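Below is one structure, written out as structure tokens; comments come after it.
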2 protein chains.
Amino acid sequence: MQFESDTRSRILSTARDLFHRRSYADVGIKEICDLAKVQKGSFYHFFPSKQDLASTVIDDMADDWAHGFVAEAFDQELPPLERLDYMVDAAYFWQKAAKDLEGRMPGCLFGNLALEISTRDDVLRAKLTSVFEKASEKFFETLEEAVTLGVMAPLDTAATATAMLAFLEGVILLAKTRNDPEVVRILGPAVQTIRIELPSPH
Amino acid sequence: MQFESDTRSRILSTARDLFHRRSYADVGIKEICDLAKVQKGSFYHFFPSKQDLASTVIDDMADDWAHGFVAEAFDQELPPLERLDYMVDAAYFWQKAAKDLEGRMPGCLFGNLALEISTRDDVLRAKLTSVFEKASEKFFETLEEAVTLGVMAPLDTAATATAMLAFLEGVILLAKTRNDPEVVRILGPAVQTIRIELPSPH
DNA sequence: AATATAGTTGACTGGTTGGTCAAGTCAACC
DNA sequence: GGTTGACTTGACCAACCAGTCAACTATATT
């Protein structure tokens, strides 16, 4: 037994790619197997069900994400407000690259899956909630630091962090609908203007 | 022949409801027919295909929407900034009502469909783009008025309008993922803080 | 060499999918 | 009373779906 069977990881990356470019319901296991050059039975040797595959895909992508450009964007070395710009830039370049390559803006895998399956599958919904939660925490830390450094007036950092994440998801949604990554570049930077004030004292 | 055949409108409202609560791919024509108490053949008498049904559902919902709470929220009588609050309130109450009734937050039908099918069907994607375009125009008019009245400092009204729409869609996406309409109530009002400045004259 | 186990193969199942169609019903009009 | 055309009926279809399975191979352990 290897660290990670080649077959398994081939299934995983193919599924991730197809789920991202199309949707959960629209991609069948047969198609995944064909593209990954794997037999049906082998698939079910590694994954008990399609739902379980989706669950693993989410974990897998969340991992890559956290160790990839999210880690880069939220680099502690960068001044806090620049991290927000970095995040927007990274989203723009990624979406643009995908569009240039395949003609279509795939959007955010997590956002896509969330809207598609969160009314049908509570297990996956919970998983996606926690992915968003973790992303929101990165924004939170960034805002806390910005406030501490005095580059941002005090505000409700927790709520604002979530609002910023929501904004980015919304921008990507709109950009995907227009199939135009430029939407991300134009609207994205406004993430810095979003503010939710602290509950007023007295 | 009536103004609108009862059968047709029964199919339409059933489909709209199911597509909204679940998804396009997850709802089959048989299920729509069963719930609408209509035979398969009758369905295909009125709609040439499932795609055409979806197209009609989008038009139908966009119409109801434009003449319903969007018309109310963007009422010319209201001060411009209050219209934004009204919009958020309306979204909150609608989502909350749906959740109280069925246990699930359905989110925004347009947003849901956009992420699910816009990489697969350009006809429907174009239709959704125009729905968002129209909504964005309402924000645009509101911002223009706010600037004219002097209650808002001059800014890039067109870009900000789209950004505000994106924000609301993102907030609803996150709320749906958490299955918690309160997210809309808490984050929604921050829509007023979003600003995209005019290109600097220098 | 014998055994155990991880991985692979591809045919198979029962159910569902979007969509078709020939045969019919019914009300309106000539 | 005959004809037209909108509407309805339900059986039917090929393709596809997620998932199963018994037989097989390859490798590692004893």
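Here is the naming used below: chain letters follow the sequence lines, and residue numbers restart at 1 for every chain. On a predicted model such as this, the values are computed, not experimentally measured, just so you know.
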When the side chains of residues 148-162 of chain A are checked against the rest of the protein, which donor-acceptor pairs come out under 3.5 Å, sequence neighbours left out?
residue  : atom : partner  : partner atom : Å
A:Thr148 : OG1  : A:Glu144 : O            : 2.8
A:Asp156 : OD1  : A:Ala158 : N            : 3.4
A:Asp156 : OD1  : A:Ala159 : N            : 3.1
A:Thr157 : OG1  : A:Glu144 : OE2          : 2.7
A:Thr160 : OG1  : A:Asp156 : O            : 2.8
A:Thr160 : OG1  : A:Ile196 : N            : 3.0
A:Thr160 : OG1  : A:Ile196 : O            : 3.4
A:Thr162 : OG1  : A:Ser136 : OG           : 3.2
A:Thr162 : OG1  : A:Ala158 : O            : 3.2

Whether A:Ser118 side chain and A:Leu115 backbone form a donor-acceptor pair below 3.5 Å: no
Nucleotide-resolved protein contact map, nucleotides 9-14 of chain C, B/S/- at heavy-atom distance under 4.0 Å: BBB---
Atom-pair distance (CD1 on B:Ile32; P on C:dG19), nearest Å: 11 Å
Side chain proximity check, A:Phe132 to B:Arg178, heavy atoms < 4.5 angstrom: no
A:Phe167 and B:Phe167 aromatic ring geometry - parallel, tilted or perpendicular at 30°/60° bounds: tilted
Nucleotide D:dA15, atom P - distance to CD1 of A:Ile29 in whole Å: 21 Å
side-chain contact (heavy atoms from CB on, under 4.5 Å) partners of B:Asp85, counting only residues at least two apart: B:Gln192
Those residues of residues 44-59 of chain B lying under 4.0 Å from DNA chain D by at least one heavy atom: B:His45, B:Phe46
Distance, rounded to the nearest Å, where B:Asp34 contributes CG and D:dG10 contributes C1': 12 Å
Test item: B:Gln39 and B:Cys33 side chains (from C-beta on) under 4.5 Å apart, heavy atoms: no
Residues in side-chain contact (heavy atoms from CB on, under 4.5 Å) contact with A:Ala126, at least two apart in sequence or another chain: none
A:Phe74 and A:Tyr86 aromatic centres sub-6.0 Å: no
Distance test, side-chain N/O of B:Thr7 to OP1/OP2 of D:dC7, below 4.0 Å: no
Positions of residues 17-26 of chain B (non-hydrogen atom under 4.0 Å from DNA chain C), listed by number: none
A:Asn179 (side chain) donor-acceptor with A:Met105 (main chain) under 3.5 angstrom: yes
A:Tyr24 and A:Phe19 aromatic ring geometry - parallel, tilted or perpendicular at 30°/60° bounds: tilted
